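Structure first, commentary second.
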Amino acid sequence: MNIVKGTVQNWTSLEEIKKVFEKKGFSDIEDEEHGLLINISEELREFLKVIVIDDDISKYYKDLEGSLGIEYLLLIDSFSEFTFIRQKITTLGKKRIEKFKFYREDPKNSSLIKLNTLEFEKVESFENLFDTKAVVDDFYKQYKEMRNKLVAKIQGIKDKDDKDKYAQVIFDRLIFLHFIQYKGFLCGDKHFLYEKYKEIYALKKNFFDDFMKFLFFELLNKPNNQRSLKHAEFFDIPFLNGGLFREHRIENENPKIWISNDVLGDILQFLDDWYWYVDESSDFGEDKALSPEILGHIFEKTITGQKEKGAYYTPEPITRYISENTIFPYCVEKVNEKFSKYYKEIKNILSKGDIEEISYLYFDVLKNISILDNAVGSGAFLLAAQKVLLTLHEECWGIIKDENNALIKSEIKAIEKHKTTKYHFKKWIISHNLYGVDIEEGAIEICKLRLWLSLVSEFTKETIEPLPNIDYNVMCGNSLIGYIQPPKEEQVTLQDSRRMSDILKEIHKLKEEFSQEEDPKKVKELKKKIDSVIEKENENLNDSLFGELTHRGVKLSRTDFNKLNPFHWGLKFHEKFISGGFDVVVGNPPYVRADTEDHL
């Protein structure tokens, strides 16, 4: 049977739903008081339970925890809203609820495709209900068309590459704003941007010149105490910090950029038609619903020749698995070394709950662990690593928080500086534990965007805080070319006759100030100082490396060498490499086909 829009619109009773499943080959269906029990696999004895609900849906999740083989729920709210539910168990035994939702009055084509794949004895067809690929493909198709229009309409930028990059900057900002807009952070209006566009358009003004630049630079990048009083109506719009709404290099180099209303109107109307859920672990699962993960898929699909550049988007289950199986063993190893123990799994340490061991794990291991993705792309692995570390922080803190000692008291004071404990953990992890490098500038911006959005997901309008500056956590460069060892600290530089050790100390001090600073003017000054110092030494190392390559007979012009954008690890991440480098490296392994490798 082919399920079409009219089929779903006719789902006004359990009897109608039962008829459809019977026609699709599900013959073993039992009537229950408020629903149906559908056998989806005789072989595996797995069932779908259909329930007409009358309350909060979470109370029905317990049906997934019994021993009756109920693997999926279909919860029906007033025969207008239909939600498929499944439960997953994480490595640490945490429950994770996933949803797929659609509406009877207007089921989208992507939902109909999924419903039509449902088949008796094919449990995977029910698993596919929770796959977001169709939604992503639908969004990207329209996004690509809009992005091409934007590139064609941007005026005031001569360089073709910069014009293309600037189109991405605009889309990154607008997508970010749609996420925070949907949380009510833009004057409490989920449709603020499109409504403001229509208002500006009616006044025959240009939206880009007369509002977007004002919104970016005068509101989102300025605290209230630095804003003009004449803009008091917008004081409800939060100061975000972080760097997304600082003037971009392209904007500084091209002060006469202009974008017409027609293309911006089309883009805003397109973006306004979607639901934007800022939490990547959200269980929304509905038509036209997007999480920040969409940015990863955009990156994968947008980069020209992505396969040649190694740009693959790795699905969340894989990033989670690899992150857990690198971070957990590292933590276990550190605890075993410290206490001469033989723990095999992290859950053994946590379940035992030894206060001394957990305190060490929390304050010495988790607080200081450094995790690198040296081909970070859109940040999928760093986001997965963040989730793993967050879980460990929460588990450890739950065990030790009631202890009465100086370390605990100090940590409580640090937590109380923020509105929520979870935000404190996330901010610490992003600022102190996660690092990435990528050759694509656009990838770096998307990665930072996703890390910021993971913090925004913890905010309410009352608890929003400025975002951290992470420019020196996630950096652009060719991670395969460059010096790894730190510069020799006794070396005297030609530029200012100071010892390298003094220069590196200055960089460390400025970086620490920069990461904590929230005043936009001071942030700009600090960044200028740091970049100035680093670039001088970076140029010295480039000269040395280029000379070394040519001496070895490598035929390469200096122009082509510069295009390689070498990344000198010992300089850019000196604070890590003087103590041995990063603790954990995450990323895709060199996958091979097992059936073609005789030695495997």
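Residue numbers count from 1 along this sequence. The analysis underlying the following values was restricted to heavy atoms, covering all of them including side chains, and did not include hydrogens, waters or symmetry mates. All figures in this text were calculated on a predicted structure; none of them were measured in a lab.
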#### Entry: R147 (side chain) donor-acceptor with D164 (main chain) under 3.5 angstrom
yes
### Task
List the steps, then state whether side-chain hydrogen bond (donor to acceptor under 3.5 Å, both in side chains) holds for T559 with N562.
CA-CA 5 Å; T559 301; N562 289 340; 5.8 Å; no
### Query
Do the ring planes of F459 and Y423 sit parallel (below 30°), tilted (30 to 60°) or perpendicular (above 60°)?
tilted
### Summary
Between M212 and L264 the two heavy atoms that sit nearest each other are SD-CD1, 3.7 Å
### Query
With ring centroids as reference points, do W397 and H393 lie under 6.0 angstrom apart?
no
### Query
Among side-chain atoms of D172 and Q168, is any donor-acceptor pair under 3.5 angstrom?
yes
### Query
F573 vs Y435 aromatic rings, parallel, tilted or perpendicular, using cut-offs 30° and 60°?
perpendicular
### Message
Quick check against the 3.5 Å criterion: does N254 have a side-chain atom that pairs as donor or acceptor with the backbone of K256?
### Response
no
### Query
Would you call K527-D531 a salt bridge at under 4.0 Å N-O?
yes
### Query
Can E441 and K165 be counted as an ion pair, charged N to O under 4.0 angstrom?
yes
### Nearest heavy-atom neighbours spanning S579 and E575
OG-O, 3.7 Å
### Task
Would you confirm whether N261, through its side chain, and K205, through its main-chain N or O, come within 3.5 Å as a donor-acceptor pair?
yes
### Query
How far apart are the C-alpha atoms of F185 and F192, what are their side-chain angles, what is the distance that settles it, and do they pass the ring pair (Phe, Tyr, Trp, His ring centres under 6.0 Å) test?
CA-CA 9 Å; F185 293 168; F192 175 81; over 10 Å; no
### Side chains of W452 and I470 in contact at under 4.5 Å (non-hydrogen atoms)
yes
### Query
Any side-chain heavy atom of N206 within less than 4.5 Å of one from Y201?
no
### Task
May I ask you to check whether over 12 heavy atoms, not counting those of K419, lie within 6.0 Å of atom NZ?
yes
### Worked check of side-chain contact (heavy atoms from CB on, under 4.5 Å) between W569 and V437
CA-CA 10 Å; W569 293 89; V437 178; 3.6 Å; yes
#### Entry: Candidate list E251, H248, R249, test side chain to side chain donor-acceptor pair (under 3.5 Å), partner Y166, passing option
E251
### F270-Y143 aromatic ring centre distance below 6.0 Å
no
### Task
Hey, can you tell me if F245 and F216 have their rings parallel, tilted or perpendicular (30° and 60° cut-offs)?
tilted
#### Entry: 4.5 Å side-chain heavy-atom contact, W276 and I180
no
### Nearest heavy atoms of P566 and F561, plus distance in Å
CG-CZ, 3.7 Å
### Query
Can you name the closest pair of heavy atoms from C447 and V474 and give their distance?
SG-CG1, 4.0 Å
### Query
D438 side chain to G377 main-chain N or O, any donor-acceptor pair under 3.5 Å?
yes
### Message
Any side-chain to backbone donor/acceptor pair from S532 onto K528? Under 3.5 Å, distance only.
### Response
no
### Query
Please walk me through it: do Y483 and E548 pass side-chain hydrogen bond (donor to acceptor under 3.5 Å, both in side chains)?
CA-CA 11 Å; Y483 291 119; E548 194 175 318; 2.9 Å; yes
### Task
For the pair D583 (side chain) and S370 (backbone), establish whether a donor and an acceptor sit closer than 3.5 Å, ignoring hydrogens and angles.
yes
### Query
Do the non-hydrogen side-chain atoms of E445 and V169 ever get within less than 4.5 Å of each other?
no
### Message
Applying side-chain hydrogen bond (donor to acceptor under 3.5 Å, both in side chains) to S454 and Q386, what does each step give before you reach the verdict?
### Response
CA-CA 9 Å; S454 77; Q386 183 212 52; 2.9 Å; yes
### Task
Using a strict 4.0 Å threshold on nitrogen-to-oxygen distance, state whether E411 and K367 make a salt bridge.
yes
### Task
If the plane angle is over 60° it's perpendicular, under 30° parallel, otherwise tilted; pick one for Y197 and F207.
perpendicular
### Query
Looking at K196 and E199, does any basic side-chain N land under 4.0 Å from a carboxylate oxygen?
yes
### Query
Do the ring planes of W428 and H432 sit parallel (below 30°), tilted (30 to 60°) or perpendicular (above 60°)?
parallel
### N542: which of E535, H568, R558, E537 passes side chain to side chain donor-acceptor pair (under 3.5 Å)
H568
### Query
Between L215 and L193, is any pair of side-chain heavy atoms under 4.5 Å apart?
yes
### Query
Minimum heavy-atom separation for L389 to L366, with atom names?
CD2-CD2, 4.0 Å
### Query
Quick one: do the S457 and K426 side chains pair a donor with an acceptor below 3.5 Å?
yes
### Message
If we ignore hydrogens and angles and just use 3.5 Å, is the side chain of R173 paired with the main-chain N or O of L244 as donor and acceptor?
### Response
yes
### Candidate pair K529 and E525, rule side-chain contact (heavy atoms from CB on, under 4.5 Å), full reasoning
CA-CA 6 Å; K529 283 183 183 177; E525 291 170 5; 5.5 Å; no
### Main-chain N/O of D364 paired to N368 side chain as donor or acceptor, under 3.5 Å
yes
### Task
Could you verify whether a donor N or O on one side chain and an acceptor N or O on the other, from E416 and H424, lie under 3.5 Å apart?
no
### Query
Would you call D236 and K461 a salt bridge, taking side-chain N to carboxylate O under 4.0 Å as the test?
yes
### From CZ (F239) to CG (L467), nearest 0.5 Å
9.0 Å
### Message
Test side-chain hydrogen bond (donor to acceptor under 3.5 Å, both in side chains) on R246 and N469; report intermediate values, then the result.
### Response
CA-CA 11 Å; R246 289 185 218 134; N469 301 304; 3.2 Å; yes
### Message
Determine whether a donor-acceptor pair (N or O, by modelled atom type, separation under 3.5 Å) exists between the side chain of E517 and the backbone of D519.
### Response
yes
### Task
Considering non-hydrogen atoms only, spot the tightest contact between K190 and D272 and give its length.
O-OD1, 4.2 Å
### Message
Side chains of D209 and W258, heavy atoms from C-beta outward: is any pair under 4.5 Å?
### Response
yes
### Message
With side-chain contact (heavy atoms from CB on, under 4.5 Å) as the criterion, how do E195 and L268 come out once you've worked through the C-alpha distance, each side chain's angles and the decisive distance to 0.1 Å?
### Response
CA-CA 9 Å; E195 291 302 317; L268 290 169; over 6 Å; no
### Query
Is any side-chain N of the basic residue among K509 and E512 closer than 4.0 Å to the acidic one's carboxylate O?
no
### Task
With L451 as reference, evaluate L434, I429, N473, I446 under the side-chain contact (heavy atoms from CB on, under 4.5 Å) test and give the passing residue.
L434
### Query
Tell me, do V584 and L372 make a side-chain contact under 4.5 Å, heavy atoms counted?
no
### Query
Less than 4.0 Å between a side-chain N and a carboxylate O, is that true for E247 and K524?
no
### Query
Would I322 and F381 satisfy side-chain contact (heavy atoms from CB on, under 4.5 Å), going step by step from the backbone distance to the final call?
CA-CA 8 Å; I322 290 175; F381 277 98; 3.9 Å; yes
### Task
Establish, yes or no, whether a centroid distance under 6.0 Å links the rings of W274 and F139.
yes
#### Entry: Side chain H574, main chain G570, donor-acceptor under 3.5 Å
no
